[in-house]
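In what follows, a structure is listed as structure tokens, so that the remarks can point back to it.
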Number of protein chains: 2
Amino acid sequence: MEEIQLILAKNLKAIREKEKLSLEKVSQLSGVSKTMIGQIERGESSPTLTTIWKIANGLKISFTSLINSPQPDTKVVLKSEIQVLSEDNGRYRVYPSFHFQEDRRFEVYSVEIESEGALSSDSHREGTEEFITVFDGEVTISVSDSSYILKSGDSIRFKADRPHTYCNSGDTLTRLSMTMYYPT
Amino acid sequence: MEEIQLILAKNLKAIREKEKLSLEKVSQLSGVSKTMIGQIERGESSPTLTTIWKIANGLKISFTSLINSPQPDTKVVLKSEIQVLSEDNGRYRVYPSFHFQEDRRFEVYSVEIESEGALSSDSHREGTEEFITVFDGEVTISVSDSSYILKSGDSIRFKADRPHTYCNSGDTLTRLSMTMYYPT
DNA sequence: TTGTTTTGGACATTATAACATACAAATAAA
DNA sequence: TTTATTTGTATGTTATAATGTCCAAAACAA
């Protein structure tokens, strides 16, 4: 028996109990036999992709909620706890709020760029996308031979799996929120 | 044959070709028979959870990269284009930058709350999580009988599949970045 | 061009997922 | 308390996942 089977077993049982459903009811909703639901919950069987899919659809939950380990409900990250990362002689500063997690596929940062500050970034992983909103100042983002000038309140989404640069093109501090998404 | 099998088939074949691996090589890396790898790629079989897991681990990729589908390049959203949504007599304002998309599972907003402004939100979908960073001011977020006071630079992640409130608990404008994640 | 190696897939066999049925235990109703 | 219903699990059967073996075709090397 593999550990992944145990995770599935635990998750399915928890969801069923939370929703107060019997094995029979889950069977009806999903089209998977009651016996099989029981086997899965006891970790006695490693169901096929199709079977898991049917269960997830029947219960209207995500596939990943069946195979991922649970996380705590709430997490606060104070500014004082954040490990700031500096580049460009401190003129470009990254404040990571939420690091990447496998089940979620994105991470969240704040970024500050002093006047005349800039950063050139190498390609990120295949398919990576950045979602940026300007909170203060002005930034010029260059990617794929294009440049985008964004002012306070503007947003941009672009493919970050190629070299790109961020440049404070104004004369005041620029502040950005950044959500980095990794599809793979 | 189910659609989910075709997605898996397509993804596995794409990854294998991209990495220039033979069926035999994937078999060695994963501990799954070459024949089975071939069957999976041709959509002839719905593999068990354990088998998929072995493949993902063997190829050092995520489970979800085997069961999810692809997407276009750059999009700019100017502040002038954003449809602002107001609540609480205009004291609570939402600026949606990037709407939800099925393959991505999150959306991105900015939020402004005037002094004495607040919003009570009903439960979002099962499993929904919010990732919030304070850019200016102070906010008190209440969820699950707990309240969290956050100041500029602080962040919070919480389960939003239950009622929750946001309240400007300071005396200046509060500005937040918000990433809403829907696992389902 | 010929010879060798690699590759993907057909086919048969084995292992196990998935189902149907039966039943004891638990729960609910009278 | 008794009766009825629901629930979870054991067991046997069927369907299919997963493997091993073989071979033609493709790719590579000389």
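Each chain gets a letter, A, B and so on, in the order its sequence line appears, and its residues count up from 1.
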- prompt: Given D/dT7, is OP1 or OP2 found less than 4.0 Å from the side-chain N or O atoms of A/R16?
  reply: no

Side-chain heavy-atom pair A/T179, B/F98 within 4.5 angstrom cut-off: no

field: Side chain to side chain, A/Y166 and A/E87, heavy atoms closer than 4.5 Å
entry: no

- prompt: How many Å lie between CD on A/Q39 and P on D/dT11, as a whole number?
  reply: 13 Å

- prompt: How close do B/R162 and B/H164 get, heavy atom to heavy atom, and via which atoms?
  reply: O-ND1, 2.8 Å

query: For A/T35, which contact category applies under a 4.0 Å heavy-atom criterion: base, sugar-phosphate, or nothing?
result: base

- line: B/K34 atom NZ is separated from C/dC11 atom C1', nearest whole Å, by 14 Å

query: Taking CD1 from B/I37 and C1' from C/dT7, how many angstroms apart are they, rounded to a whole number?
result: 14 Å

- request: Report the distance from atom CG of B/L49 to atom P of C/dA18, rounded to the nearest whole Å.
  value: 10 Å

message: Could you tell me how far apart A/E41 (CD) and D/dT9 (C1') are, to the nearest whole angstrom?
response: 12 Å

Integer-rounded Å distance: C/dA18 P and A/E44 CD: 13 Å

- prompt: Any idea which of C/dC19, C/dA10, D/dA18 is nearest the B/S33 side chain?
  reply: D/dA18

- request: Side-chain contact test, heavy atoms from C-beta onward, threshold under 4.5 Å: evaluate it for B/E130 versus B/H124 and give yes or no.
  value: yes

- request: Mind running side chain to side chain donor-acceptor pair (under 3.5 Å) on A/S62 and A/T64 for me, showing each step along the way?
  value: CA-CA 5 Å; A/S62 71; A/T64 51; 3.2 Å; yes

query: Of all of residues 51-58 of chain A, which get a heavy atom below 4.0 angstrom from DNA chain D, listed by number?
result: none

message: When you compare the side chain of A/R175 with that of B/D136, does any pair of heavy atoms fall below 4.5 Å?
response: yes

query: What's the CE-C1' distance between B/M36 and D/dA17, to the nearest Å?
result: 5 Å

message: What residues from residues 20-29 of chain B pass a heavy-atom cutoff of under 4.0 Å to DNA chain C?
response: B/S22, B/L23

message: Could you tell me if the side chain of B/L59 sits less than 4.5 Å from the side chain of B/L21, heavy atoms only?
response: yes

task: Nearest whole angstrom, please: distance from the C1' of D/dT7 to the CD of A/E17.
output: 13 Å

message: Pair B/F106, A/F131 - check ring-ring contact (aromatic ring centres under 6.0 Å, His included), show working.
response: CA-CA 11 Å; B/F106 66 83; A/F131 296 74; 5.1 Å; yes

Distance below 4.0 Å between A/T48 side-chain N/O and C/dA18 OP1 or OP2: yes

- prompt: Any side-chain heavy-atom pair from A/D88 and A/L119 closer than 4.5 angstrom?
  reply: no

